[in-house]
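In what follows, a structure is listed as structure tokens, so that the remarks can point back to it.
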Amino acid sequence: MKARIARLILDAARAAHDKGQLPCGSFEEVVVETPKNEQHGDFATNFALVSARSQKMPPRKIAQILADNLEEDGALFASVKIAGPGFINFYLRPEAWYPVLEEIHRRRLDYGSSTFGRGRKVQVEFVSSNPTGPLHVGHGRGAAVGDAVANLLDFCGYDVQKEYYINDSGRQIQTLGRSVWLRGSELIGKQVDFPEDCYQGAYIRDIARQLLDKKGEQLFAEQSREAVMECARFATEQIIRGIRQDLERFKVVFDNWFSEQSLYDSGQYERIISHLEQEGLIYPKDDALWFKTSSFGDEKDRVVVRANGQPTYFASDIAYHRNKFERGFDTVIDVWGADHHGYIGRLTAAVEAMGYRREQFKVILVQLVNLLRGGKPVAMSTRAGEFVTLADVIDEVGTDAARFIFLTRDTNSPLDFDLELAKQKSNDNPVYYVQYVHARISSIMAKAAEKGIDGQPSENGNLRLDTPEEITLIKTLARYPEVVELAARAMEPHRVTFFLMELAARFHAYYNKHRVLGDDRELTLSRLHLVEAVRLVIQNGLKLMGVSAPTQM
RNA sequence: GCGCCUGUAGCUCAGUUGGAUAGAGCAACGGACUUCUAAUCCGUAGGUCGCAGGUUCGAAUCCUGCCAGGCGUACCA
């Protein structure tokens, strides 16, 4: 619709120029937008204002000339007005909106999808929590955001892969193995002084017990490199299995689980590092190996291999991201907790140093989640092993509520997650507010079917939708594709949840004011047509956010 | 010190990438269920968009400088 109006304006400008009414023949880009204030029409353009300079004319005068030259058959506009400093406001006839409903009914859950991604390969990597303990609430937010962003990009025509990166190498895995081994030897009756730097959580003891049952006491008889390694391997497997289960309950399914260790086992790490050394991007200093990140915008150079010969986490990440691009991804998106933001500079530098454009690597930073219960902070200490896990949250408030709430905030803002509020089935809780729309409409459809009402309103002629609430609803539905595209481009899923809340509010208002099922068959069919379109868009949007659309509540 | 994020109604937050009179929800007050689900709706009230400059027809939005809070600033991850 916007494109159509923009074309009409451009045609008008050309016509005016040909008649000599406008001096300048090269025109600015025509931008058509929907004003926030409904009194300013359904669409508006600032074209006259931005053209004032090149045309050397007052904006209102340009606007008038354009309006006079507008070629339109009267089917679209009820009126065209010039307002304020020189805006041109377009008021559409109600019927002009009806094709939106047809499109929704035709495309159903595809409505709003697009092809601007042109099939380009994109990878979204998210959660990627260390396999040293269960997922907690913060990971839940990352999971919800990453999954929704991936869904949005897929919906907009990208070829998307969701990946989980398993940090199954390095020091923290050694620590994990040691923690399990120590707990195991406790279980067989040894006196153990459990160190502070080991993982304190109760799950470590559970894993030790399982391993003890499986392998017997001799594993814990004497601490050896092999014994600790075996503990580490077993624990990692167990924890990953748990993480995978939690994520499945949270309705997040990854296309690929990528092991950090595999980079070393396959020799990819060695290959990439020596390649970078040959290119002079890596150099030795103070017994360590350094990457020249400072030549690519980072504050300083960074260590990739420590003086003791151990590669840093950064070294793995260089190899890992190289590997991603070698797999053919055009763009690589990482979803990180905001506390990792200091890392962006060096990894971006590394990506650029390896010959890729910096725009091909994007990081979505997700700010902290503050867990509350009834307004009071819930104490969380990973060190002491006291934290509320994602599984606990799912048990208590459910996947739908948790996911939706995680997506009700810009990722740049910290999020207060109140467990009490998330459980409440009231207006305070936006999930139910939106889902309720779907349930209500489903109920109407069921009732209509019961009464034997079915059929297309268009069979009997035109739609009869002309109350202000109905027109407003259709206009809102019309905005959905634009919202989705914007959300995908900006990688900001919260735009969709806010849209859904707005659509829900408009529907509830309509529902309270007008009856869908009535004695007038033609009117009833028209309204069913509208209401079904609303239901489809709600279902559509909730699906992108990974939230279910219940038919009953 | 430097870097990133944030600052909008009493509270929690949106704000279509520079547009017109800055919007929701909660909390407060007053109303609406014999009719498709009251997990809903309608109404009233609430603002120096952190502060000060600048850019221009036009700024919550862009630039500069301050102020406040969070996070980061490892040969940790």
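All values below come from the heavy atoms of this structure, side chains included, with hydrogens, waters and symmetry mates left out. These numbers come from a predicted model, not from an experiment. Order of the sequence lines fixes the chain letters, A, B, ..., with proteins taken first and strands second; residue numbering starts at 1 for each chain.
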Self-check item: Polar side-chain atom of A:Ser548 near backbone of A:Pro550 as donor-acceptor pair, under 3.5 Å
Solution: no
Quiz item: Is any side-chain heavy atom of A:His529 less than 4.5 Å from a side-chain heavy atom of A:Glu532?
Solution: no
Exercise. Taking side-chain contact (heavy atoms from CB on, under 4.5 Å) as the test, write out the residues that go with A:Asn89, two or more places apart.
Key: A:His40, A:Ala44, A:Ala83, A:Phe87, A:Tyr91
Quiz item: Which part of the nucleic acid, if any, lies within contact of A:Pro58, taking any heavy atom under 4.0 Å across all strands shown: a base, the sugar-phosphate backbone alone, or nothing?
Solution: nothing
Self-check item: Glycosidic class, syn or anti, of B:U17 using a 90° window around 0
Solution: syn
Quiz item: Who passes side-chain contact (heavy atoms from CB on, under 4.5 Å) against A:Asn323, sequence neighbours left out?
Solution: A:Phe258, A:Leu263, A:Gln268, A:Arg327
Quiz item: Is the A:Tyr165 to A:Trp336 ring centre distance short of 6.0 Å?
Solution: no
Quiz item: A:Ala448 near the nucleic acid: base, sugar-phosphate alone, or nothing, with a heavy-atom cut-off under 4.0 Å?
Solution: nothing
Please tabulate the protein-to-nucleotide N/O contacts below 3.5 Å involving nucleotides 34-37 of chain B, giving atom names and distances.
unit_1: B:U35; atom_1: O2'; unit_2: A:Arg515; atom_2: NH1; d: 3.0
unit_1: B:U35; atom_1: O2'; unit_2: A:Arg515; atom_2: NH2; d: 3.4
unit_1: B:C36; atom_1: O4'; unit_2: A:Arg515; atom_2: NH2; d: 3.4
unit_1: B:C36; atom_1: O2; unit_2: A:Leu517; atom_2: N; d: 3.2
unit_1: B:C36; atom_1: N3; unit_2: A:Val516; atom_2: N; d: 3.0
unit_1: B:C36; atom_1: N4; unit_2: A:Tyr511; atom_2: O; d: 3.0
unit_1: B:C36; atom_1: N4; unit_2: A:His514; atom_2: O; d: 2.6
unit_1: B:U37; atom_1: OP1; unit_2: A:Ser443; atom_2: OG; d: 2.1
unit_1: B:U37; atom_1: OP2; unit_2: A:Ser443; atom_2: OG; d: 3.0
unit_1: B:U37; atom_1: O2'; unit_2: A:Tyr436; atom_2: OH; d: 2.1
unit_1: B:U37; atom_1: O2'; unit_2: A:Arg440; atom_2: NE; d: 3.2
unit_1: B:U37; atom_1: N3; unit_2: A:Met553; atom_2: O; d: 3.4
unit_1: B:U37; atom_1: O4; unit_2: A:Met553; atom_2: N; d: 2.8

Exercise. Classify the nucleic acid contact of A:Ala52 as base, sugar-phosphate or nothing, counting any heavy atom under 4.0 Å across all strands shown.
Key: nothing
Quiz prompt | Closest-nucleotide 5' rank along RNA chain B - winner of A:Phe314 and A:Ala44 | solution = A:Ala44
Exercise. In whole angstrom, give me the gap between the C1' atoms of B:G7 and B:G15.
Key: 15 Å
Quiz item: Across the strands shown, which category fits A:Asn46 at heavy-atom distances under 4.0 angstrom: base, sugar-phosphate, nothing?
Solution: base
Self-check item: RNA chain B: 5'-proximal contact among A:Val303 and A:Pro59 (nearest heavy atom)
Solution: A:Pro59
Quiz item: Is the A:Tyr283-A:Phe291 ring centre distance short of 6.0 angstrom?
Solution: no
Quiz item: What's the base orientation of B:C26: syn (chi within 90° of 0) or anti?
Solution: anti
Self-check item: Whole-angstrom distance between B:A52 and B:C67, as gauged at atom P
Solution: 15 Å
Show me, pair by pair, the donor-acceptor contacts under 3.5 angstrom made by side chains of residues 439-446 of chain A, not counting sequence neighbours?
unit_1: A:Arg440; atom_1: NH1; unit_2: A:His508; atom_2: ND1; d: 3.0
unit_1: A:Ser442; atom_1: OG; unit_2: A:His438; atom_2: O; d: 2.7

Quiz item: Roughly how far apart, to the nearest Å, are B:C5 and B:U44 at atom P?
Solution: 40 Å
Quiz item: Pairing of RNA chain B as dot-bracket, 5' to 3': ( ) intra-strand, [ ] crossing, | other strand, . unpaired, with Watson-Crick or G-U pairs under 3.5 Å?
Solution: (((((((..((((.....[...)))).(((((.......))))).....(((((..]....))))))))))))....
Quiz prompt | Counterpart residues, side-chain hydrogen bond (donor to acceptor under 3.5 Å, both in side chains), relative to A:Asn308 (two or more places apart) | solution = none
Quiz item: For the side chain of A:Gln367 and the backbone of A:Leu365, is there at least one donor-acceptor N/O pair under 3.5 Å apart?
Solution: no
Quiz item: Please give, in whole Å, the distance from B:U12 C1' to A:Leu407 CG?
Solution: 17 Å
Practice problem: Please determine if A:Lys2 and A:Glu33 form a salt bridge, counting it only when a charged side-chain N lies under 4.0 Å from a carboxylate O. | Solution: no
Quiz item: Looking only at atom P, what distance separates B:G46 and B:G23, rounded to whole Å?
Solution: 14 Å
Quiz item: Roughly, in whole Å, what's the span from CG in A:Leu289 to P in B:A74?
Solution: 20 Å
Quiz item: A:Asn89 near the nucleic acid: base, sugar-phosphate alone, or nothing, with a heavy-atom cut-off under 4.0 Å?
Solution: base
Return the polar atom pairs (N/O with N/O) between nucleotides 15-17 of chain B and the protein under 3.5 Å, or none.
unit_1: B:G15; atom_1: OP1; unit_2: A:His494; atom_2: NE2; d: 3.1
unit_1: B:U16; atom_1: O2; unit_2: A:Thr34; atom_2: OG1; d: 3.4
unit_1: B:U16; atom_1: N3; unit_2: A:Thr34; atom_2: O; d: 3.4
unit_1: B:U16; atom_1: O4; unit_2: A:Lys36; atom_2: N; d: 3.4

Quiz item: side-chain hydrogen bond (donor to acceptor under 3.5 Å, both in side chains) with A:Arg322: which residues, sequence neighbours excluded?
Solution: A:Glu326
Quiz prompt | Whole-Å P distance, B:G47 and B:G54 | solution = 27 Å
Self-check item: Protein-nucleotide distance (A:Arg302, atom CZ; B:G3, atom C1'), rounded to Å
Solution: 11 Å
Quiz item: Between B:A60 and B:G1, how far is it from one P atom to the other, in whole Å?
Solution: 30 Å
Practice problem: Could you check whether A:Gln39 gets within reach of a base, just the sugar-phosphate, or nothing at all, counting any heavy atom under 4.0 Å? | Solution: base
Self-check item: Phosphate OP1/OP2 of B:C5 contacted by A:Asn412 side-chain N/O (<4.0 Å)
Solution: no
Quiz prompt | Rounded distance (Å) that lies between atom C1' of B:C57 and atom NZ of A:Lys56 | solution = 16 Å
Exercise. Measure the distance from CD1 on A:Ile344 to C1' on B:U73 and round it to the nearest whole Å.
Key: 13 Å
Quiz item: In whole angstrom, what separates A:Tyr433's OH from B:A24's P?
Solution: 12 Å
Practice problem: Check each of A:Leu407, A:Asn540, A:Val434, A:Val431 against A:Leu500 using the side-chain contact (heavy atoms from CB on, under 4.5 Å) test, and report the only one that passes. | Solution: A:Val434
Quiz item: Charged N to carboxylate O under 4.0 angstrom, A:Asp197 versus A:Arg178?
Solution: yes
Quiz prompt | Pairing residues for A:Pro311 by the side-chain contact (heavy atoms from CB on, under 4.5 Å) criterion, not counting sequence neighbours | solution = A:Tyr264, A:Tyr269, A:Ala315
Quiz item: With stacking defined as ring centroids separated by under 5.5 Å and planes differing by under 30°, is A:Phe87 stacked against B:A20?
Solution: yes
Quiz item: In whole Å, what separates the C1' atom of B:U61 from that of B:C2?
Solution: 26 Å
Quiz item: Partners of A:Pro284 by side-chain contact (heavy atoms from CB on, under 4.5 Å), sequence neighbours excluded?
Solution: A:Leu289
Self-check item: salt bridge (charged side-chain N to carboxylate O under 4.0 Å, His left out): pairs with one or both residues in residues 494-513 of chain A, sequence neighbours excluded
Solution: A:Glu469-A:Lys513, A:Arg479-A:Glu502, A:Glu492-A:Arg495, A:Glu502-A:Arg506
Practice problem: Give the rounded distance in Å between these two atoms: CD1 of A:Ile441 and C1' of B:U40. | Solution: 13 Å
Every protein N/O lying under 3.5 Å from an N/O of nucleotides 69-71 of chain B:
unit_1: B:C71; atom_1: O2; unit_2: A:His341; atom_2: NE2; d: 3.0

Quiz item: Rounded to the Å, how far apart are A:His508 NE2 and B:C33 P?
Solution: 19 Å
Quiz item: In terms of side-chain heavy atoms of A:Tyr432, which of B:U73, B:C41, B:A39 is nearest?
Solution: B:A39
